Amino acid sequence: MSYLLGLQRIGAKYVKYSGDQEEFSIYDLSVNVKNTPFRGNENNEFSADIFLTLKIPLAFGWGHLPDLVMKQKVKGRFVPKF
């Protein structure tokens, strides 16, 4: 994931830069696998819930506004085609 998004690991965070400016960072990443690929569920799918914190520094506000920090829940699912 970090390679596809062009992220750099800085301590416990993954950070995306545009030049020398930080675009966003991802941290507190947690993955909860719901079923294993060996068994799957009745639909023969592999699914997981991903929890993360996304921080986006605000480029406007001239330093008077705090960074935008959002806790996100993302659902991922893989269903084999064959």
Side-chain angles (χ1 to χ4, degrees):
M1 179 177 87
S2 61
Y3 176 75
L4 292 174
L5 295 175
L7 303 175
Q8 297 178 18
R9 186 171 184 165
I10 311 280
K13 295 182 179 181
Y14 290 93
V15 182
K16 169 72 174 182
Y17 287 100
S18 177
D20 61 346
Q21 296 287 325
E22 181 181 332
E23 283 189 39
F24 64 89
S25 62
I26 298 173
Y27 55 96
D28 292 339
L29 182 65
S30 172
V31 178
N32 180 20
V33 178
K34 291 185 172 183
N35 49 17
T36 63
F38 302 116
R39 181 171 163 253
N41 61 12
E42 60 274 357
N43 297 326
N44 198 26
E45 66 184 13
F46 173 75
S47 61
D49 291 332
I50 298 97
F51 300 91
L52 59 94
T53 303
L54 174 66
K55 182 184 94 171
I56 304 170
L58 297 179
F60 56 91
W62 303 275
H64 298 286
L65 298 173
D67 296 338
L68 177 63
V69 178
M70 297 182 290
K71 293 187 185 256
Q72 304 256 318
K73 177 182 178 184
V74 180
K75 292 186 176 206
R77 185 173 70 161
F78 172 77
V79 179
K81 291 193 173 225
F82 305 104

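Note that the structure is a prediction, hence the values are computed from the model and not measured.
- Atom CG in D67 sits 9.5 Å away from atom CD1 in I56 (nearest 0.5 Å).
- Nearest heavy atoms, A48 versus V33: CB-CA, 4.1 Å.
- By the rule that hydrophobic residues join a cluster once side-chain heavy atoms approach within less than 4.5 Å of another member, V15 and L5 end up as members of separate clusters.
- Using a 4.5 Å cut-off between side-chain heavy atoms of Ile, Leu, Val, Met, Phe, Trp and Tyr, with links allowed through other members, L54 and V69 fall into different hydrophobic clusters.
- From Q8, atom CD reaches atom CD of E22 across 10.5 Å, with rounding to the nearest 0.5 Å.
- Annotation: side-chain contact (heavy atoms from CB on, under 4.5 Å) contacts of L29 (sequence neighbours excluded): I50, L52.
- Y27 and F24 are members of different hydrophobic clusters when ILVMFWY side chains are connected at heavy-atom separations under 4.5 Å.
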**Request:** Test side chain to side chain contact (heavy atoms under 4.5 Å, CB included) on L7 and I26 and set out the steps.
**Result:** CA-CA 9 Å; L7 303 175; I26 298 173; 4.3 Å; yes
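- Counting heavy atoms from C-beta on, the side chains of D49 and K34 come closer than 4.5 Å.
- Using a 4.5 Å heavy-atom cutoff, the side chains of Y17 and E23 are not in contact.
- Side-chain contact between K13 and K55 is present, with heavy atoms from C-beta onward closer than 4.5 Å.
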